[in-house]
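These notes concern the structure reproduced below.
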Amino acid sequence: MSFPLLTATAALPAIGAVVTAAVPAARRTAAKWLALLVSLATLALAITVLVRFDPDGDRYQLTESHSWIADFGVRYELGVDGIGVALLALTALLIPFIILAGWHDADPLETGSKRWRPTQGFFALILAVEAMVIISFEATDVFLFYIFFEAMLIPMYFLIGGFGDRAHEHGEEAASTQRSYAAVKFLLYNLVGGLIMLAAVIGLYVVAGNFSLQEIAEARANGSLDMATNTERWLFLGFFFAFAVKAPLWPLHTWLPNAMGEATAPVAVLITAVVDKVGTFAMLRFCLQLFPEASKWATPAILVLALISIVYGALLAVGQRDIKRLVAYASISHFGFIIMGIFAMTSQGQSGATLYMVNHGISTAALMLVAGFLISRRGSRLIADYGGVQKVAPVLAGTFLIGGLATLSLPGLAPFVSEFLVLVGTFSRYPAIGIIATFGIVLAALYTLVLYQRTMTGPVKAEVSAMPDLRVRELVVVAPLIVLLIFLGVYPKPVTDIVNPAVKSTLSDVQKKDPQPEVEAAK
């Protein structure tokens with residue numbers, strides 16, 4: 001039996017979470033280093049998966065399959081395609097930076113506080129989320145995927161509610177109330193979506209007789225499984241609703257600004273750069289493969305919702321007073337682009353959407369983590385409390401600017417390529433949608449540049465006059481992300497070579513081909 005590499009990649013952070021949580025309370029620093037080492041070892045395994053994956057090989061590789069609950073046809077089935085490999089690598093890459101950035105976020109509160117922040121629990125929960133996200137990208141059994149799709153809500157609930165941002169304008173008591181509200185809202189929204197999906201998962205089993213993604217997709221393709229039109233549409237809606245909440249797609253997005261605003265900056269990155277990607281990934285893997293006809297039927301409505309997300313999220317970002325909520329609304333706009341690319345049903349659109357998931361994860365991590373370093377120095381999330389930072393902390397301001405420019409998809413930085421592909425792929429089939437979506441780019445330039453101008457330029461405010469620049473640990477967090485943004489902006493081929501074959505297979509599932517360009521005959 002070959003080494004179960006995919007299982008090991010998910011099991012290592014899960015075991016690390018248990019061991020980290022068990023470290024004695026007095027050994028906080030040891031717990032931090034243990035969590036960091038586990039995350040680096042997981043990254044090494046993810047790189048091994050990436051190296052062993054052959055883009056021109058079978059659709060699902062490094063597969064594992066074992067009987068689990070035989071009476072109900074549930075199997076422990078894992079396998080990765082190009083899309084899953086790319087997102088698995090992204091997750092494993094970001095977690096060490098999240099841990100380093102949050103190195104002091106769970107330290108004991110100041111003397112006199114009645115609350116103790118359990119450091120070990122904070123880092124254990126991050127590793128637990130990593131394990132559940134990774135296995136979600138690997139699962140090819142629908143029921144197995146569902147279990148971890150829902151289970152990751154629990155550690156995220158505690159990370160939001162128990163380890164929120166200390167920078168709150170109304171004091172610790174108000175901050176605690178807001179954190180609790182954000183955590184409960186996050187949990188309720190996603191639980192409702194998950195319960196609806198559970199009904200659809202049960203319905204799929206009744207129709208198909210098993211939970212194997214590959215077997216069901218093959219049966220759909222060869223005609224041995226013929227779903228009634230209404231049945232397929234209802235099942236599709238059950239799955240899509242849960243994924244749209246997680247993504248998040250307008251109008252199911254309202255939990256995200258609260259969660260990102262009240263969480264620490266590293267946890268905010270964990271939410272939008274890692275956990276939310278499971279929603280858009282699942283649209284590609286499950287909605288399009290299991291329900292191809294229903295996916296095409298729902299495409300016009302989904303494209304309209306994605307377009308609203310793009311414009312609505314960007315407009316609300318323009319008017320934000322809170323730095324972290326601005327990044328949250330910007331992410332809603334970006335997820336609109338990703339979903340639009342998926343349901344444009346073109347190779348450029350879906351390749352761009354997958355690349356966008358990777359690039360958005362890196363760019364949002366860079367911007368939000370630098371914003372977190374800024375907020376921790378000043379003790380405020382309000383944009384109006386800053387000014388002239390570039391004169392006292394030029395490295396911090398410079399990295400903040402690069403993260404912001406990546407967010408507005410400046411040519412030469414990674415998100416530009418993915419956003420361009422999404423727009424080209426959408427315009428080739430739905431030109432009106434593609435044209436209107438470009439307004440999101442204009443608005444992104446507005447909210448990003450205004451944010452930078454108000455915080456970093458102008459006269460130096462007294463409260464920031466003694467602000468220190470980035471420290472060594474913070475530079476170790478930010479510098480690799482900036483390098484990746486530039487590298488993938490200039491040379492995205494390593495990622496596109498991995499995801500393009502998987503995109504072709506997905507388009508084949510829904511029996512869609514790229515529109516042929518109309519060329520007028522020469523006169």
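Residue numbers count from 1 along this sequence.
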So, the side chain of [X] versus the backbone of [Y]: is there a donor-acceptor pair under 3.5 Å, distance only?
X      : Y      : result
Asp322 : Leu382 : no
Arg381 : Gly261 : yes
Gln120 : Pro24  : yes
Ser309 : Leu249 : no
Glu463 : Tyr386 : no
Ser376 : Phe373 : yes
Arg378 : Asp385 : yes

Closest approach of [X] to [Y] (non-hydrogen atoms, all atoms of both residues):
X      : Y      : value
Leu413 : Ala406 : CD1-N, 3.5 Å
Lys246 : Gly279 : CG-N, 3.8 Å
Ala265 : Lys324 : N-NZ, 4.0 Å
Gly425 : Gln348 : CA-CB, 3.8 Å
Glu138 : Val80  : CG-CG1, 4.0 Å
Ile323 : Thr455 : CD1-CG2, 4.5 Å

_Member of Val327, Thr364, Thr448 meeting the side-chain contact (heavy atoms from CB on, under 4.5 Å) criterion with Thr407_ = Thr448
Measure centre to centre between the rings of [X] and [Y], then say whether the value is under 6.0 Å.
X      : Y      : result
Tyr312 : His253 : yes
Phe149 : Phe243 : yes
Phe186 : Tyr157 : no

*asked:* Show, in sequence, the C-alpha distance, side-chain angles and deciding distance for Glu262 and Arg325, and conclude whether the salt bridge (charged side-chain N to carboxylate O under 4.0 Å, His left out) test is met.
replied: CA-CA 9 Å; Glu262 299 305 324; Arg325 288 178 71 90; 5.7 Å; no
When you compare the side chains of [X] and [Y], does any donor N or O come within less than 3.5 Å of an acceptor on the partner?
X      : Y      : result
Tyr447 : Gln320 : no
Tyr189 : Thr254 : yes
Thr7   : Glu64  : yes

Are side-chain heavy atoms of [X] and [Y] found at a separation under 4.5 Å?
X      : Y      : answer
Leu369 : Leu481 : yes
Thr272 : His360 : yes
Met456 : Leu396 : yes
Leu93  : Leu484 : yes

Heavy-atom count check: over 12 atoms from other residues, nucleotides or ligands less than 6.0 Å from [X] [atom1]?
X      : atom1 : result
Tyr452 : OH    : yes
Arg473 : CZ    : yes
Arg454 : CZ    : no

*Kindly compute the distance separating CE (Met340) from CD1 (Ile310), expressed to the nearest 0.5 Å.*
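Between atom CE of Met340 and atom CD1 of Ile310 there are 4.0 Å.
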*asked:* For the CH2 atom of Trp255 and the NZ atom of Lys185, what is their distance to the nearest 0.5 Å?
replied: 10.5 Å
